[in-house]
Amino acid sequence: MIDLEVTALAKTFNRRSIFRDISVKVQSAQTLRVIGQNGAGKSTFVKILAQVLTPTSGKVKISRDGRVMKSHLHNLIGFVSPYMQLYDEFTAEENLLLSLSLRAQTVDSTAAKNLLGRVSLGGRSNDQVRTFSSGMKQRLKYAFALIHRPPILILDEPMSNLDTEGIGTVRQIMKEQQDRGILVVATNDHSDLEKFDHQVDLSGRP
Amino acid sequence: MSGKIKNRRLKQVLGLWTTAVIILALGLPMVAHPSHWGELPLIPGLEQRARIIFFHVPTAWLSVIAFLTSMWFGIRYLRKKSPDDDIKSVTHAGLGLLFCILATVTGSIWAKFNWGSFWNWDPRETSIFVLLLIYGAYFALRSAIDVEEKRATLSAVYSIIAGVIAPFFIFILPRITAGLHPGSADDVNSGPVVSSGGMNASMRVIFYSSVAAFIGMYLWMSNLRIRATRLVQAQELESRKQ
Amino acid sequence: MYDFLTENALYVVLLIVLVIWFGIYTYLYKLEGKLKHLEELSKKQGDPS
Amino acid sequence: MEDPRKMKSFLVSTKAVFLKDWRSELRTRYALSALVMFVLTTIAIIVFAFGGESPSQEVLAGVLWVIIFFSGMSGLARTFVAEEERGTSLTLQLLSTPTAVLFGKLAFNVVLIIIVNTLAVLLFLFFFSTFRVSSVGLFVTTLALGSIGLASASTIIAAIIARANTKGSLFPVLSLPLLLPLLMTVIHATSLSSEGAFFSEGLDDFRILVSYIGAVTGVSYILFDYVWKD
């Protein structure tokens with residue numbers, strides 16, 4: 001059981017408010033959609049949820065089985081976005097194993113291989129990421145976000161750079177995540193996530 | 001309304017006070033054996049040049065105090081993230097830099113006449129040099145960051161690190177060279193001027209009055225600068241909205 | 001003239017310092033006035049009423 | 001950190017950051033080649049500048065640390081700047097705690113600077129036959145503590161400048177005031193060692209160096225969160 005609670009979240013940038021006073025509560029097996037026009041702060045909002053950006057005010061609280069988690073929150077989160085970069089000089093498999101070792105979790109190369117097969121990169125697992133196309137990199141990011149089985153999966157523009165086959169895989173991944181924990185999707189394309197339990201609309205906010 | 005009048009009165013008092021300090025500091029006679037009030041001691045080896053103490057030492061003290069104040073507001077910014085704390089922090093750093101330059105210039109002109117060269121790497125010259133470097137680095141860092149929140153955070157962090165390292169010079173400098181400076185513990189001519197001995201009662205009164213005058217001026221200048229920066233930033237925010 | 005200046009060097013210094021000091025003081029005093037004016041202006045701008 | 005499990009995961013994570021940087025360095029050789037070339041060219045310039053003169057031991061001690069300082073400035077920022085330039089800081093933020101990143105990168109910089117300093121000293125001994133190291137123990141301890149101190153101050157400064165716009169030129173400007181107490185102390189200890197002083201005579205300097213390292217590392221640990229996360 002995982003809970004994600006956002007209270008009175010605000011972020012300013014160059015003393016200009018991007019959004020303020022956003023509150024939402026998401027529980028296990030629920031989805032959250034974040035919408036808003038370009039520049040409305042979707043990426044900023046999901047980065048704050050992912051704990052890589054500190055809000056100007058307000059709180060993001062993650063609790064597991066009713067207990068509020070204080071540290072190592074990054075181990076509960078998987079994050080995919082077009083602006084996230086993987087390590088170019090390492091191979092696809094090394095990148096996944098790096099994720100596990102940095103998280104101080106057991107390094108499991110069979111799991112990594114399975115996951116790479118899942119995103120149809122099985123044949124390229126020993127190639128350096130710098131040789132990948134942008135679509136392949138995007139698919140690798142899904143494997144990268146899922147390798148530690150996070151209860152919260154945050155996707156920013158989930159379908160960018162993907163072909164039809166990739167989109168199918170991602171839909172499958174999103175569906176599985178809905179059964180397993182929390183899914184957060186930031187997108188302008190309403191077909192990405194048609195059914196959702198909660199929505200944050202950032203457009204038109206000060 | 002009465003607050004405004006009081007404020008103006010305070011500034012007039014400060015003006016008169018400082019004028020009096022200048023006249024006394026430069027006008028009172030120096031005699032070998034001061035016997036009554038209003039006579040300053042004639043310190044052998046320094047003579048009339050000793051009068052710099054009334055101006056040079058307060059500026060040097062203020063440059064250190066300003067650095068600490070700036071660091072204090074930096075810490076407050078990190079805790080509360082209020083943009084106003086950053087304005088205060090940068091204002092105090094700017095005034096600190098100004099006083100630091102004043103202390104360096106007055107000191108080195110004095111050194112030319114007293115020791116024969118502008119710069120001697122005496123421990124206090126080294127420490128003011130380090131302070132100048134820190135201030136310089138602080139402003140170089142600020143000018144290199146566009147995003148205001150990031151600029152405020154990083155410059156606050158830098159000033160705290162500098163503040164933690166600066167005390168090390170106290171242990172290191174005495175090993176580099178023996179002090180030439182009047183006021184060094186091992187100064188054979190006059191001994192520690194400010195802390196003991198060298199000054200008589202009249203000199204002490206003028207000295208601390210001068211310190212008070214400098215602090216008053218400092219507070220006034222920082223107040224003006226903070227208010228001006230607030231106005232400028234409000235204006236910028238307004239124009240960005242449109 | 002030269003003799004006068006060398007004998008009373010201290011008073012010449014005193015005079016120069018006082019002139020500089022009055023300059024600084026007047027500058028700050030004027031600045032204070034201008035700033036107060038601007039602050040009142042922006043306060044008026046701040047409230048639409 | 002009281003929790004032993006957390007402590008263990010911190011150590012594992014720190015080691016992973018260190019190994020990641022190390023393997024990346026072995027593949028790209030970016031920092032190491034810059035540092036080694038810097039040491040070589042500087043020593044060559046100094047050899048030509050001195051001509052046939054044999055400068056005093058104190059001057060040589062100073063020159064040695066000038067080489068070490070500037071070569072450090074050319075390579076020690078790399079570990080943070082590379083993450084920022086390639087856009088992988090976000091990835092690293094997602095993977096690890098700030099503390100593990102700080103100490104992993106600090107360990108990497110310590111190893112890097114020790115390798116480079118060893119090389120610099122060997123070349124120095126080779127080219128300047130007048131440079132004597134009379135008390136080896138004193139010299140080696142100075143070099144080791146000096147390297148760790150240099151790495152500890154440069155690591156946090158590198159983290160700061162990685163977030164600024166003009167990364168390269170700012171690094172020495174910000175580092176010099178913070179490294180001056182370290183440099184003054186190590187130069188003093190190095191000239192002691194070439195005079196053949198006893199190890200105990202260097203103890204005062206070592207005490208300063210150790211407390212410097214402790215203070216810088218401590219303050220970096222406290223403040224790194226602010227630097228690492230926007």
Side-chain angles (χ1 to χ4, degrees), chain A residues 11-14 18 43-44 46-56 70-91 94-107 128-130 137 140-141 144-148 150 152-154 156, chain D residues 1-32 78-79 81-105 107-108 163 223-230:
Chain A
K11 180 76 182 173
T12 57
F13 192 74
N14 272 336
I18 297 177
S43 296
T44 309
V46 291
K47 275 186 190 168
I48 293 174
L49 290 192
Q51 310 287 324
V52 294
L53 211 58
T54 21
T56 310
K70 284 262 159 44
S71 66
H72 294 78
L73 293 176
H74 59 276
N75 283 344
L76 304 172
I77 291 160
F79 187 84
V80 176
S81 86
Y83 47 82
M84 182 180 119
Q85 303 293 327
L86 296 171
Y87 287 96
D88 264 354
E89 69 276 24
F90 292 135
T91 67
E94 278 172 335
N95 263 295
L96 297 190
L97 300 183
L98 184 69
S99 164
L100 289 176
S101 64
L102 279 168
R103 291 174 197 280
Q105 291 176 355
T106 334
V107 176
Q128 288 192 6
V129 173
R130 77 172 98 217
K137 279 183 187 162
L140 179 57
K141 285 178 199 167
F144 194 73
L146 291 170
I147 182 82
H148 58 292
I152 300 173
L153 183 63
I154 300 172
D156 192 357
Chain D
M1 275 316 154
E2 314 81 38
D3 191 349
R5 250 182 51 221
K6 267 189 195 158
M7 187 69 203
K8 188 170 172 262
S9 93
F10 159 72
L11 287 176
V12 172
S13 201
T14 304
K15 192 179 148 205
V17 173
F18 170 75
L19 285 177
K20 169 194 93 64
D21 276 0
W22 187 244
R23 271 167 47 208
S24 167
E25 179 59 39
L26 287 185
R27 276 186 204 175
T28 58
R29 303 254 164 76
Y30 203 100
L32 209 55
R78 191 65 211 156
T79 161
V81 171
E83 303 274 359
E84 200 68 31
E85 277 176 354
R86 295 186 303 174
T88 47
S89 338
L90 176 73
T91 317
L92 199 55
Q93 282 167 4
L94 285 165
L95 294 179
S96 188
T97 57
T99 319
V101 172
L102 172 70
F103 284 100
K105 297 218 176 254
F108 174 74
R163 303 256 153 193
L223 295 175
F224 186 68
D225 274 23
Y226 298 109
V227 180
W228 185 232
K229 290 191 176 178
D230 283 330

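Because only heavy atoms are used, hydrogens play no part in the values below, and waters and symmetry mates are left out as well, while side chains stay in. Convention: sequence-line order gives letters A, B, ...; per-chain numbering from 1.
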Inset, instruction - Go through the steps for D/Arg78 and D/Glu25 under the test salt bridge (charged side-chain N to carboxylate O under 4.0 Å, His left out), then give the verdict. - result: CA-CA 10 Å; D/Arg78 191 65 211 156; D/Glu25 179 59 39; over 6 Å; no
Legend entry - Interface residue of largest heavy-atom contact number with chain D, from A/Gln128, A/Met84, A/His148, A/Arg103, under 4.5 Å: A/Arg103
Inset, instruction - Look at A/Glu94, A/Gln85, A/His74 and state which one has the largest set of heavy-atom pairs under 4.5 Å with chain D. - result: A/His74
Inset, instruction - Check each atom of D/Arg86 against the heavy atoms of chain A and say whether the ones under 4.5 Å are side chain, backbone, both or neither. - result: both
Inset, instruction - May I ask you to name which of D/Lys8, D/Lys15, D/Glu83 has the most heavy-atom pairs under 4.5 Å with chain A? - result: D/Glu83
Legend entry - Heavy-atom pair count under 4.5 Å with chain A, highest-scoring of D/Thr28, D/Leu92, D/Val101, D/Asp225: D/Leu92
[X] (side chain) donor-acceptor with [Y] (main chain) under 3.5 angstrom:
X: D/Lys20; Y: A/Leu98; result: no
X: D/Thr88; Y: D/Thr91; result: no
X: D/Lys229; Y: A/Gln51; result: yes

Legend entry - Residue A/Gln105 versus chain D: region with a heavy atom under 4.5 Å: neither
Inset, instruction - Could you label the plane-to-plane angle of the D/Phe224 and D/Trp228 rings as parallel, tilted or perpendicular, counting under 30° as parallel and over 60° as perpendicular? - result: parallel
